[in-house]
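What follows is a set of notes on a single structure, which appears directly below.
Labels below follow one simple rule: chain letters A, B, ... track the order of the sequence lines, proteins then strands, and each chain is numbered from 1.
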There are 2 protein chains.
Amino acid sequence: MDAIDWDQTIRKLGKKSTPQRRAILTALSRMNRPATVEEIFVAVREHHETSISTVYRNLELLFSEGLTTKQGFPGEKTRYCLKREHHEHTLVCIDCQKIVTITGCPLESYAIEVGRRENFVVVDHRMEMYGYCQQCNHLRGRLSK
Amino acid sequence: MDAIDWDQTIRKLGKKSTPQRRAILTALSRMNRPATVEEIFVAVREHHETSISTVYRNLELLFSEGLTTKQGFPGEKTRYCLKREHHEHTLVCIDCQKIVTITGCPLESYAIEVGRRENFVVVDHRMEMYGYCQQCNHLRGRLSK
DNA sequence: ATAATAAATGCGAATCATTCCTATTCTTAT
DNA sequence: ATAAGAATAGGAATGATTCGCATTTATTAT
């Protein structure tokens, strides 16, 4: 079922449906979390030969076509994630990097309103929250100086 | 007035008050916007000799001590900005990279609430809005295929 | 089906921001 | 003023990402 879907998805973009592209989309779909290029590369390789530059190129393509998100703070590796139906944000653990996806976004109308005020056409926004997950927070308490 | 203030600021951190550090803080204060390391380096150089690695090291120090913000999306250069009294967000033009600082944040309580729900201690969040500034939006209309 | 052709891939080289190394210099506390 | 440790300079190293180009592949028209 996967293969056929992705084939259509790619064709709709006016791009060639290559095994690598289908495999990348399949991997993204299976992972379903913001993953690094390397992680995606490894996941794809489990089933298909690919080069890392192909993965880079296609993730960038998917992002520019709006099929994935692309995130990553300074010093971190870039993470791509297949977009879900609904706009989402993430909550990231500062210690263990665990990522929780939060659905529901309080910013849609706010962003537009700010855009109006500042004479911008706002087309997107990004938001991430940082903190300590339960486990790491406990650990932190125990180790704190 | 600058010099003396920054001298005290640095000493309070338990760090040595070097001319480079004072100059970097002065530059950040004058620029007062999220600036790239290179921009800050150039600004500092107008008045003092410095090496870029010193700028890097000290910006990182200031960030880890909580005196600056640090932002930058994948593929962009990292930007540092002296923290103001109030928490702020930015609105960035996708074309010309103009950055408008937005005061007022609708996320404070939201972040805490999400943290409670997900068992995270949320300590920070980041949000940026993207769009086209008036000028670039006009240009975009004119050039669109 | 087949050939033509435009696009995509692979892979090594190049890039570029950032970090690291370490000899030298500067700050600070005594 | 001096000693001891911290900070700096600047060049080398790193590492993620991009680029160039020869080769392969998917698509379209025949």
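- Proximity of A:Q20 to A:V44: side-chain heavy atoms (C-beta onward) are nowhere separated by under 4.5 Å.
- The nearest whole Å value for the distance from the OH atom in A:Y80 to the P atom in D:dT17 is 7 Å.
- Atom-to-atom, CD1 of B:I10 to P of D:dA6 comes out at 17 Å; the value is rounded to the nearest Å.
- Test B:I24, B:L82, B:L61, B:N58 against B:T68 for side chain to side chain contact (heavy atoms under 4.5 Å, CB included) and you get one pass: B:L82.
- Between the side chain of B:R11 and the backbone N or O of B:S17 there is no donor-acceptor pair closer than 3.5 Å.
- The closest side-chain heavy-atom distance from A:H125 to A:H89 is below 4.5 Å.
- Partner of A:Y80 under the side chain to side chain contact (heavy atoms under 4.5 Å, CB included) criterion, out of A:E39, A:K70, A:M31, A:Q71: A:K70 alone.
- Nearest nucleotide to the B:Y56 side chain, out of D:dC19, D:dA26, C:dA17: C:dA17.
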Can you give me the N/O atom pairs linking the protein to nucleotides 27-30 of chain D at distances under 3.5 Å, or say none if there are none?
{"residue": "D:dT27", "atom": "OP1", "partner": "A:R11", "partner atom": "NH2", "Å": "3.3"}
{"residue": "D:dT27", "atom": "OP1", "partner": "A:S17", "partner atom": "N", "Å": "3.3"}
{"residue": "D:dT27", "atom": "OP2", "partner": "A:R11", "partner atom": "NH2", "Å": "3.3"}

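- Under a 3.5 Å cut-off, the side chain of A:T69 and the backbone N or O of A:C81 do form a donor-acceptor pair.
- A:K70 has its NZ atom 11 Å from the C1' atom of D:dT18, to the nearest Å.
- As a whole-Å value, the separation of A:L59 CG from C:dT9 P is 11 Å.
- The side-chain heavy atoms of A:L67 and A:L28, taken from C-beta on, include no pair separated by under 4.5 Å.
- Judged by closest nucleotide on DNA chain D, B:G14 is the one of B:G14 and B:I52 placed further toward the 5' end.
- OP1 or OP2 of D:dG10 has not a single side-chain nitrogen or oxygen of B:S51 nearer than 4.0 Å.
- Contact check, B:T54 against D:dA9: a side-chain N or O comes under 4.0 Å of OP1 or OP2.
- Residue side chain B:R21 does not reach the base of D:dA6 through any donor-acceptor N/O pair under 3.5 Å, judged by distance alone.
- Judged purely by atom type and a 3.5 angstrom limit, B:R21 uses its side chain to pair as donor or acceptor with the backbone of B:K16.
- Look at B:R57 and you won't find any side-chain N or O under 4.0 angstrom from OP1 or OP2 of C:dT19.
- Formation of a donor-acceptor pair under 3.5 Å by the B:S29 side chain with backbone atoms of B:L25 is not found in this model.
- With distances taken from any side-chain atom of A:T78 to the nucleotides D:dT17, D:dA9, C:dT27, the minimum falls on D:dT17.
- In this entry the distance linking CD of B:Q71 with P of C:dA17 reads 17 Å, nearest Å.
- Side-chain contact between B:L107 and A:L107 is present, with heavy atoms from C-beta onward closer than 4.5 Å.
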Atom pairs, N/O to N/O, protein against nucleotides 13-16 of chain C, distance under 3.5 Å?
none

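- Between the CD atom of A:E76 and the P atom of C:dT19 there is a distance of 13 Å, given to the nearest Å.
- Atoms CG (A:N58) and C1' (D:dT18) sit 14 Å apart, rounded to a whole Å.
- Between the side chains of A:T101 and A:R33, no donor N or O sits under 3.5 Å from an acceptor N or O.
- Across residues 33-43 of chain B, not one residue has a non-hydrogen atom less than 4.0 Å from an atom of DNA chain D.
- Atom pair A:H48:NE2 and C:dT9:P shows a separation of 13 Å (rounding to whole Å applied).
- In this structure, A:T78 and A:F63 have side chains that are not in contact, with every pair of non-hydrogen atoms separated by 4.5 Å or more.
- Position along DNA chain C of the nearest nucleotide to B:E60 versus A:S53 favours A:S53 as the more 5'-ward residue.
- Contact annotation: B:Q20 side-chain N/O to C:dC26 OP1/OP2 distance is not under 4.0 Å.
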